2 protein chains.
Amino acid sequence: MTDGVAERSRPRDRILETAQDMFHKHGIKGVGVDAITEAAGTNKMTLYRHFESKDELIIECLRATAAKASRIWDEFEAEHPGDKLAQLHAWVRKASQLLSADSRGCDMANAAVELSESDHPARRVIKELKEAQREKLVALCRDAGIGQAELLADTLSLLLEGARVSMQSVGAEGPSAQFVRMAESLIASFRAR
Amino acid sequence: MTDGVAERSRPRDRILETAQDMFHKHGIKGVGVDAITEAAGTNKMTLYRHFESKDELIIECLRATAAKASRIWDEFEAEHPGDKLAQLHAWVRKASQLLSADSRGCDMANAAVELSESDHPARRVIKELKEAQREKLVALCRDAGIGQAELLADTLSLLLEGARVSMQSVGAEGPSAQFVRMAESLIASFRAR
DNA sequence: TCTAGAAGTTACAGACCGGTAACACCCTAG
DNA sequence: CTAGGGTGTTACCGGTCTGTAACTTCTAGA
């Protein structure tokens with residue numbers, strides 16, 4: 001018999017998956033460990049046997065989310081082998097799919113907003129993961145033959161980051177609705193230089 | 001004798017100003033009403049005599065912050081009377097000043113991230129205020145003689161929103177460092193069309 | 001100077017939080 | 001069959017949170 005949340009797997013995996021989902025939906029400070037374990041079909045003691053604290057659970061969730069996102073890049077390569085420009089367009093399309101209605105945005109950015117303590121252990125993890133993502137996009141732009149690759153990658157990054165947070169303020173019909181047009185126009189402009 | 005926080009003014013004003021500051025620095029869920037009243041040199045009962053709940057205090061803080069931001073537009077008009085294009089460049093410069101190190105970003109966007117409950121009373125206020133800001137920027141672009149005023153305004157909005165949240169993830173040396181160059185380049189591009 | 005309302009003080013209620021202790025249980029490997 | 005590790009259960013600790021009650025003190029205006 002399954003459990004709705006996930007196939008009857010090991011408690012640690014269920015906790016991790018459930019926590020990712022609940023942190024994303026309700027925010028990190030908006031959900032307690034009791035609620036997570038209950039939704040995961042287990043209990044608090046088991047959580048603390050696998051994670052030494054809630055902060056460590058947060059960090060593991062961020063790493064897991066980043067790992068999932070990282071796998072998408074493999075799909076780009078698989079769908080458009082060697083064609084870096086096509087992969088860049090695929091990135092735009094994939095990014096725009098993150099802007100569906102009532103999305104809660106980027107987990108790492110949201111965590112950075114919520115965890116305001118400057119010495120919170122998750123902060124350095126967020127920075128590392130975000131920088132890794134940035135370098136991937138820079139490399140993609142460069143390999144696509146774009147001159148100012150860093151500048152285009154950073155511009156696209158800010159546009160997407162802005163779109164994801166804007167959606168949470170004003171919804172999907174706000175400025176973020178024009179994301180694809182903005183991004184494609186930018187890429188065309190950079191290619192023409 | 002003054003009190004560090006603010007001149008000896010009326011408790012309600014001190015609470016409002018202190019709450020704005022503390023919500024900005026530590027996040028809404030990261031600060032309790034006790035801490036606010038203590039920092040404001042008053043007490044919890046006085047707070048609840050002026051605000052019927054913490055949620056209402058949050059809303060009043062957002063309105064106050066938006067009102068402050070609104071006054072900046074008057075400065076643009078005062079510094080460059082009638083010259084809407086100069087005012088647009090002033091907007092870019094002012095926006096870039098929001099990207100100083102260890103900034104905590106936009107209060108309204110942060111609140112939208114923190115208050116994940118879709119029916120939270122602050123959500124509609126955030127949406128209203130953000131939409132008002134958007135329309136101001138659209139009007140500025142249009143009056144500056146730019147053809148696709150809405151698209152430029154939305155692009156600039158997303159860039160700034162993204163820069164402000166990116167800073168909280170990766171710091172001021174990340175993609176947000178190029179904000180001015182991106183924005184100016186965009187304006188030039190739209191003007192050339 | 002007197003008075004009314006604003007502000008301060010203390011204590012408390014009820015809920016939730018992260019985290020731990022002690023113990024019972026189950027299921028699989030040997 | 002048995003031993004042991006992973007898991008479940010219950011209860012609890014100390015702390016924090018929003019919000020309220022009852023009472024005292026202050027202060028400005030008539």
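Just so it is clear, the structure is predicted and the values come from calculations on it, not from any experiment.
Gln87(A) places a side-chain heavy atom less than 4.5 Å from the side chain of Glu77(A). At a threshold of 4.5 Å between non-hydrogen side-chain atoms, the residues Leu98(A) and Ser103(A) do not count as touching. Residues Leu156(B) and Phe190(B) form no side-chain contact, since every pair of their non-hydrogen atoms from C-beta on lies 4.5 Å or further apart. At a threshold of 4.5 Å between non-hydrogen side-chain atoms, the residues Pro121(B) and Val125(B) do not count as touching. For the pair Val33(A) and Tyr48(A), the minimum side-chain heavy-atom distance is below 4.5 Å. A 4.5 Å side-chain heavy-atom check between Ser70(A) and Lys136(A) finds at least one atom pair inside the cut-off. Looking at Gln168(A) and Arg164(A), their side chains never come closer than 4.5 Å, going by heavy atoms from C-beta outward.
One can place CD of Glu114(B) at 15 Å from C1' of dC17(D), the figure rounded to the nearest angstrom. dT18(D) atom C1' lies 15 Å from atom CD of Glu56(B), rounded to whole Å. Taking atom NE2 on His26(A) and atom P on dC16(C), their separation rounds to 15 Å, with Å as the unit. Atom-to-atom, CZ of Arg10(A) to P of dG5(D) comes out at 17 Å; the value is rounded to the nearest Å. In this structure, the CG atom of Asn43(A) is 16 Å from the P atom of dA21(C), given to the nearest Å.
Each of Lys44(A) and Pro11(B) was matched to the nucleotide of DNA chain C holding its nearest heavy atom; the match closer to the 5' end belongs to Pro11(B).
Residues from residues 27-38 of chain A that place a heavy atom under 4.0 Å from any atom of DNA chain C, listed by number: Val31(A), Gly32(A), Val33(A). Of the residues in residues 45-55 of chain A, those lying under 4.0 Å from DNA chain D by heavy-atom distance are Met45(A), Thr46(A), Arg49(A), His50(A).
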Show your working on salt bridge (Lys or Arg N to Asp or Glu O under 4.0 Å) between Glu75(B) and Arg71(B) and close with a plain yes or no.
-> CA-CA 7 Å; Glu75(B) 293 179 21; Arg71(B) 264 169 251 139; over 6 Å; no
Tabulated below should be each protein N or O lying under 3.5 Å from an N or O of nucleotides 24-30 of chain D; please produce it.
none

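Within a 6.0 Å radius of CD in Glu38(B), no more than 12 heavy atoms belonging to other residues, nucleotides or ligands are found.
Using a 3.5 Å distance cut-off with no hydrogens or angles, the side chains of Thr46(A) and Asn43(A) do pair a donor with an acceptor. For Lys130(A) and Ser157(A), the side-chain atoms include no donor-acceptor pair closer than 3.5 Å.
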